[in-house]
Amino acid sequence: MTVALLDCNSFYASCEKVFRPDLVERPVVVLSNNDGCIVAMSREARNLGIPRGIPLFKARSFLKEKNIEVFSSNYVLYADLSRRVMDLLSSRVPVMEVYSIDEAFLILDHLPSPPLPLCKELRDDIHRSIGIPSSVGVAPTKVLAKIAGDIAKKRSDGIFALGDVDVTGRGRPPAFGHEKDIDLVLGEIPVEDVWGIASGLARRLQERGIRTALDLKKVDDAWARGRITLTGLRIVWELRSIPSIVMEEVAPPKKGIMSSRSFGHPVTDLEDLLEAAGDYTARAAAKLRSQESVCRLIDVWLTTNRFREGDRQYSAGTVVSLEEPTDYLPDLVAAARKGLKSIYKDGYRYKKVAVFLSGIEGTKGRQGDLFRNPDPRKSALMAAADRMAARYGPGTLSCTIMRPSNDWQMRREMLSPPYTTCWDQLPQARTG
DNA sequence: TCTGGGGTCCTAGGACCC
DNA sequence: TCTGGGGTCCTAGGACCC
């Protein structure tokens with residue numbers, strides 16, 4: 001197997017630069033929801049030594065001092081550019097897996113063009129037609145392709161092949177094709193940089209002298225099965241060039257759907273919390289319907305701000321069972337409100353409410369309730385709501401009363417315009 | 001003043017069944 | 001005195017990913 005990992009460089013920051021040519025070589029950072037932390041950085045910003053995940057208020061003076069451009073997250077823009085990248089890839093490579101908003105695995109076997117020229121072409125086309133830079137790692141397995149991708153990011157050509165793959169279409173690969181060459185590379189990779197090995201596992205491995213990807217490749221199978229589970233053993237096999245992690249060409253339906261937000265300001269009033277919970281339920285329910293599912297359970301929880309040590313702390317959650325599996329928003333909102341009322345306590349400064357739909361099953365082929373007939377008006381109403389959302393934006397039709405002064409809304413003080421998804425925000429080109 | 005929001009998979013342990 | 005041996009299903013919690 002020959003698999004490539006194509007990964008967009010500093011994706012959110014690159015998206016912000018697409019319509020701002022004045023920022024090309026400038027440091028750019030993108031914030032999390034609610035303008036809380038720095039979650040993405042352009043290469044220039046990373047080189048200035050800003051740690052990922054640092055709260056904005058701690059970085060503010062540094063950002064100003066270094067004249068760094070700061071953006072609130074604009075997920076509508078990122079999702080739209082991501083879709084364009086994935087569409088371009090799938091038009092050239094029939095077997096692929098969209099792994100995240102900015103990454104895809106591509107199967108390069110049995111294609112007319114050999115892997116390396118094809119990867120170069122894909123990379124150039126994505127840059128030219130969408131404006132997003134990317135890197136590509138090519139290898140016999142997904143885990144090795146991830147490692148190759150990390151190396152590719154540091155190279156000026158943005159491409160790196162690792163392992164016994166016929167990258168040129170002319171027989172043997174030019175370099176790093178033999179087992180000893182792969183091992184030379186793996187010996188330089190710290191074990192915690194391997195995909196699937198995070199700090200906790202890495203610590204346990206290091207205690208046993210397993211410090212590099214090469215050490216991990218050489219562990220005993222039975223030991224790995226017992227100590228790092230089957231998931232870990234699969235990683236070990238993939239390091240040995242044995243494909244063990246399946247390609248998911250079609251995204252499986254979600255088993256749980258979450259919607260939660262931190263508030264722009266602390267919230268004390270139950271009515272505000274109910275309003276927020278209704279809004280989040282609507283977002284989650286729209287996702288549920290878009291994958292043609294219904295849910296049986298709805299979890300609601302709320303919490304105070306754990307970082308404010310002076311505040312009295314409280315957090316609680318509850319699960320509400322629906323009478324029958326449903327995707328009908330008014331029923332879901334009623335259940336969410338009931339759950340929230342049961343856990344709400346007066347006198348706390350709340351920071352966040354979350355809603356989680358679970359017990360999910362497909363709408364098609366579902367066993368009907370013998371004693372109940374589904375009400376056709378309910379599905380017609382939801383279909384109409386979804387059409388209105390598609391046309392006029394999410395939240396156009398709601399079953400929660402939204403008061404104008406809802407100060408639970410998140411902060412987005414440095415938001416870029418929806419350049420690609422809103423007619424009156426299209427960037428204008430000037431001539432002459 | 002201000003600290004994100006999604007997801008997945010795995011294991012252990014309890015309840016319950018024959 | 002001595003108190004089986006499997007299953008399944010569910011939940012909680014941990015670890016990992018972007």
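Chain naming here is simple, since letters A, B, ... match the order of the sequence lines and numbering starts at 1 in each.
The aromatic rings of A/Phe11 and A/Tyr78 stand perpendicular to each other, their planes meeting at an angle above 60°, with 30° marking the opposite boundary. The aromatic rings of A/Phe105 and A/Trp195 are tilted relative to each other, their planes meeting at an angle between 30° and 60°.
Look at C/dC18: its Watson-Crick or wobble partner, with both distances under 3.5 angstrom, is B/dG5.
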From CA spacing to verdict: side-chain contact (heavy atoms from CB on, under 4.5 Å), A/Thr420, A/Leu77
CA-CA 7 Å; A/Thr420 60; A/Leu77 175 67; 4.0 Å; yes
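The listed nucleotides are B/dG4, C/dC17, B/dG6; the one nearest the side chain of A/Val39 is B/dG4. The side chain of A/Pro266 lies closest to B/dC2 when the candidates are C/dC18, B/dC2, B/dC10. With B/dC2, C/dC17, B/dG6 as the choices, the nucleotide that has an atom nearest any side-chain atom of A/Arg261 turns out to be B/dG6. Of the listed nucleotides (B/dG5, B/dC2, C/dC16), B/dG5 has the atom at the smallest distance from the side chain of A/Lys352. For A/Tyr99, the listed nucleotide lying nearest its side chain is C/dC17; candidates were C/dA15, B/dG4, C/dC17. Distances from the side chain of A/Asn33 to the nucleotides B/dG5, B/dT11, C/dA15 place B/dG5 closest. Listed candidates were C/dC17, B/dG4, B/dT8. Nearest to the side chain of A/Lys254 is B/dT8. Ranking B/dC10, B/dG4, B/dC2 by closeness to the A/Arg60 side chain, first place goes to B/dC2.
Between A/Asp35 and A/Thr231, the residue anchored nearer the 5' end of DNA chain B, judged by the nucleotide with its closest heavy atom, is A/Asp35.
Backbone-only contact: A/Asn305 has heavy atoms under 4.0 Å from sugar-phosphate atoms and none from a base. Using a 4.0 Å heavy-atom criterion, one finds that A/Ile197 contacts the sugar-phosphate atoms exclusively. Residue contacts shown for A/Ile101 are absent, as no nucleic acid heavy atom lies under 4.0 Å away. A/Gly53 comes within 4.0 angstrom of no nucleic acid atom, judged by non-hydrogen atoms across all strands. Heavy atoms of A/Ile54 sit nowhere under 4.0 angstrom from any nucleic acid atom.
Taking 4.0 angstrom as the limit, A/Ser262 places a side-chain polar atom (N or O) nearer than this to OP1 or OP2 of B/dG5. Listed pair A/Ser259 / B/dG5 fails the phosphate criterion, with no side-chain N or O lying under 4.0 Å from OP1 or OP2. At the phosphate of B/dT11, OP1 or OP2 sits under 4.0 Å from a side-chain N or O atom of A/Arg225. OP1 or OP2 of B/dG7 has at least one side-chain nitrogen or oxygen of A/Lys287 nearer than 4.0 Å. The phosphate of B/dC9 (OP1 or OP2) has a side-chain N or O of A/Lys255 nearer than 4.0 angstrom. The side chain of A/Arg308 contributes no N or O atom lying less than 4.0 Å from OP1 or OP2 of B/dT1. Distances shown here put every side-chain N or O of A/Arg234 at or beyond 4.0 Å from the OP1 or OP2 atom of C/dC16.
The CZ atom of A/Arg412 sits 16 Å away from the P atom of B/dG4 (whole-angstrom rounding). Atom pair A/Tyr75:OH and B/dG4:P shows a separation of 12 Å (rounding to whole Å applied). Rounded to an integer number of Å, the gap from CD of A/Gln409 to C1' of B/dG4 is 16 Å. One can place CZ of A/Arg296 at 13 Å from C1' of C/dT11, the figure rounded to the nearest angstrom. Per the geometry, CG belonging to A/Asp193 stands 10 Å off P belonging to C/dC17, to the nearest Å. Taking atom CD of residue A/Glu103 and atom P of nucleotide B/dG7, one finds them 17 Å apart after rounding to whole Å. Per the geometry, CG belonging to A/Leu233 stands 15 Å off C1' belonging to B/dC9, to the nearest Å. Atom CZ in A/Arg411 sits about 8 Å away from atom P in B/dC2, given to the nearest Å.
Looking at A/Arg155 and A/Ile159, their side chains never come closer than 4.5 Å, going by heavy atoms from C-beta outward. Residues A/Ile54 and A/Pro51 have side chains in contact (heavy-atom distance under 4.5 Å, counting atoms from C-beta outward).
Annotation: the span from A/Phe356 atom CZ to A/Cys295 atom SG amounts to 10.5 Å, rounded to 0.5 Å. Going from atom NZ of A/Lys255 over to atom CD of A/Glu361 covers 14.5 Å, rounded to the nearest 0.5 Å.
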